[in-house]
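Worksheet for the structure shown next.
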Amino acid sequence: MGKLVVASQSLSAADRLQALDPQAARRALAARVDGRLVDLSRLVEPEAPVSAVTPADPEALKLLRHSTAHIMAEAVRALFPGVKVAIGPAIEDGFYYDFEYTRPFTPEDLPAIEQKMAEIIKSNQPFSRRMAPKAEALAAFAAEGESYKVELIEGLEGDTVSLYSQGGFTDLCRGPHIPSTGKVGAFKLLSVAGAYWRGDEKNAMLSRIYGTAFFDKKELKEYLHLLEEAKRRDHRKLGKELELFSFHEEAGAGLVVWHPRGMLLRYIIEEFERKEHMKRGYHMVQGPQILKRELWERSGHFDHYRENMYFTEVEGQAYGIKPMNCLAHMLIYKSKVRSYRDLPLRYFELGTVHRHEKSGVMHGLTRVRAFTQDDAHILCTPEQVGEEILGVMKFVTEVMAIFGFDYKLELSTRPESSIGSDEDWERATAALVAALQKSGRSYEINEGDGAFYGPKIDVKLRDALKREWQCATIQCDFTLPERFDLHYVASDGSLQRPVMLHRVILGSIERFIGVLVEHFAGAFPLWLAPEQVRVLTVTNRADDWAREVEAELKARGVRAESDLRNEKLSAKVREAQVFKVPYMLILGDREVDERLVTPRLRSGQNLEAMNVEAFAARLAEEAQPRVDAQAKEKQ
RNA sequence: GCCCACGUAGCUCAGUAGGUAGAGCACUUCCUUGGUAAGGAAGAGGUUCAUCGGUUCGAUCCCGAUCGUGGGCUCCA
């Protein structure tokens, strides 16, 4: 709460704004006093600077949505007597409110709630704020059976709490709110979901209703359109349409089956990765899928990661199916005596791991139970750690630029369940922080979000729809080298302990491909497109020439196919468009006579007829790994 | 793992107040040789509606369990 002194000559924020700028005052939803948002009805000191928060203000939507959540709570209370209200904040794209009722709410309940909300909005009830002594508020909520509010108040500091009322509904709330319910221009309830009280799975499951609100109907319509666009780009839908991959109930949840086109895409990405790693001094290695259980006990995985692992037994010997690739890499390091002159050693593996994810968390390619990481472990001296981390960060920057992603950085620190000494954690964290600072990029901190063996830098990609995805991560580990007793001979002849960095660039190939599909809406840039060129014949008189063109392109390394079916050209064009093939070559009598091809771009644009050599030269130029601006355009 | 919803032909979806199921696309055959997003005709396709069990004279439709999917929560590359 603000520490505003109510002087005798204090005016409400609304009055102050009225005096300052009547035009803005009319549109104001709240006021900003000393940088703090307050209700228009709040009294403010005469000297305090006041400005209007109008719908154009970035904070305004949050206010509106939070107020709409209150309106929804009022509607739900009116329609479902006995319901308990929990919390209802504004979120990224809207708001929600959590309830406890004799039964969970279902989508069928939403229309009635929306209708009631519309009535409340139409009646234009003012939101009014009052401060109440804690004891009084507690008694009031307890009398109504609002046990969640009671719990919230008990957790609050101070002697008084603020309450907001509109119509017949009063809620514990910090505020501020819009002046009255009539300011809600457009809203929609979107979905229902279960949610744990206070986000803890040990607590009761509440019934959550999600919705969104805007100042006018046009904005709501645009938002709903964006949801449609996201649906259109959904990699699960496109993955099926483009014949990239499939999932099968009979195979198991979260297990991807790659079809030829999807596998080709994977191959292209993996080959790109191998080359990029070789350029940067990594060695390719490969470990087995299963390793003895004792090894997982030694590494700490058995104690800290068992829930996520699959185990099997052969001839009385217990094995763990690998959920991470680090163990084999340590065995390689240990296979001979290492000198400081050998370091850093960078082991790279496209390693397929299996993790037993909880049944409710799988999601297309982005959350699966078996996936391949572009994983590497860097073993180096303590002095080399900083430079190695920076090297990885540079690697990430270069690769993301090629794929066309912007990203942000996060630092995750020691979690509750972890191994290693405090000193090691401090050293490791300090090394990451130093590298982050040296990189000059800003970063956020996630307390307690590190891996069990070390802190990490997470890289979150931002895709074309501004959604964020966790892909790359860099983890600093002093503990596993200790547990596996790794060492190297230092320049003075003494045995020293190396430091290990765990890192991935794309993360999981599966997830990354899912993100790529959505980012490009399936229209991959030429270098990634599984099928780069499709040769289309106008009549079967061009079949021989088409076969020749296809063979010639293939010989030059172009991924070309031809469509010689007895179909009209328009049908062939349509199918190639559906598969989002970057180039079509139209071959009719004219092309046959002059041994030419007429390229048609995915955008619909036609190029002049040219010979195969000229076309191949154009492709060779365009097919370098880099972002094709055209491919990012909407299809 | 938890809450809610859903699971009908390869795909997208209709349908039955419980009486043994339909369309479009795709597929096959034939006709058509047609210049830039679907030419025409015929045919085949579900062991009967995810699986198993229950209620019922009778279940795709009601109930339960299991598997899977979707939206969330928790967790995560």
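Numbers restart at 1 for each chain; the letters A, B, ... are given by sequence-line order, proteins then strands.
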Protein within reach of the bases, or only the backbone? For nucleotides 67-77 of chain B, mark each nucleotide 5' to 3' as B, S or -, using heavy atoms under 4.0 Å.
BSSSBBBBBBB

Does A:Ser570 have any side chain to side chain donor-acceptor pair (under 3.5 Å) partners at least two apart in sequence or in another chain, and if so, which?
none

Between [N] atom [atom2] and [X] atom [atom1], what is the distance in whole Å?
| X | N | atom1 | atom2 | result |
| --- | --- | --- | --- | --- |
| A:Lys568 | B:G39 | NZ | C1' | 5 Å |
| A:Lys572 | B:G39 | NZ | C1' | 13 Å |
| A:Arg103 | B:A5 | CZ | C1' | 14 Å |

Between A:Thr106 and A:Thr539, which residue's closest nucleotide on RNA chain B lies nearer the 5′ terminus?
A:Thr106

Report the relative orientation of the aromatic rings in A:His70 and A:Tyr97; use parallel for angles under 30°, tilted for 30 to 60°, perpendicular for over 60°.
perpendicular

Can you label the angle between the A:Tyr583 ring and the A:Phe615 ring as parallel, tilted or perpendicular, going by 30° and 60°?
perpendicular

Inter-nucleotide [atom1] distance ([N], [M]), Å rounded:
| N | M | atom1 | value |
| --- | --- | --- | --- |
| B:U36 | B:U28 | C1' | 28 Å |
| B:G46 | B:A21 | C1' | 9 Å |
| B:G68 | B:U8 | C1' | 15 Å |
| B:G24 | B:A14 | P | 16 Å |
| B:A65 | B:C11 | P | 28 Å |
| B:G70 | B:A50 | C1' | 15 Å |
| B:G64 | B:A5 | P | 11 Å |
| B:U12 | B:C30 | C1' | 28 Å |

Do the side chains of [X] and [Y] get close enough for a salt bridge, i.e. N-O under 4.0 angstrom?
| X | Y | result |
| --- | --- | --- |
| A:Glu229 | A:Arg232 | yes |
| A:Lys358 | A:Glu201 | yes |
| A:Lys456 | A:Asp458 | yes |

Considering only heavy side-chain atoms of A:Arg541, the closest of B:G34, B:U36, B:A5 is B:G34

Would you mind telling me which of B:C4, B:U33, B:U36 lies closest to the side-chain atoms of A:Pro104?
B:C4

Residues in contact with RNA chain B, drawn from residues 587-598 of chain A - heavy-atom cutoff 4.0 Å
A:Gly588, A:Asp589, A:Arg590, A:Glu591, A:Thr598

Enumerate the residues from residues 86-101 of chain A whose closest heavy atom to RNA chain B is under 4.0 Å, giving them by residue number; use none for an empty result.
none

Who pairs with A:His301 by ring-ring contact (aromatic ring centres under 6.0 Å, His included), at least two apart in sequence or on another chain?
A:Trp296, A:Phe452

Is there a Watson-Crick or G-U wobble partner for [N] with both distances under 3.5 Å, and if so, which one is it?
| N | answer |
| --- | --- |
| B:G58 | none |
| B:C30 | B:G40 |
| B:G22 | B:C13 |
| B:C67 | B:G7 |
| B:G45 | none |

When you measure from the side chain of [X] to the backbone N and O of [Y], does any donor-acceptor pair fall under 3.5 Å?
| X | Y | result |
| --- | --- | --- |
| A:Asn446 | A:Asp449 | no |
| A:Gln475 | A:Ile457 | no |
| A:Gln577 | A:Arg602 | yes |

Ring-face cation of A:Arg261 near A:Phe245 (centre distance under 6.0 Å, axis angle within 45°)
no

Could you walk me through whether A:His502 and A:Tyr453 pass the ring-ring contact (aromatic ring centres under 6.0 Å, His included) test, one step at a time?
CA-CA 10 Å; A:His502 308 242; A:Tyr453 46 77; 4.3 Å; yes

Applying a 4.0 Å non-hydrogen cut-off, can you work out what A:Lys240 is touching in the nucleic acid: base, sugar-phosphate, or nothing?
sugar-phosphate

Does A:Arg600 make a side-chain donor-acceptor contact with the base of B:U36, cut-off 3.5 Å?
yes

State which residues pass salt bridge (charged side-chain N to carboxylate O under 4.0 Å, His left out) with A:Glu276; sequence neighbours excluded, sorted by chain then number.
A:Lys279, A:Arg280

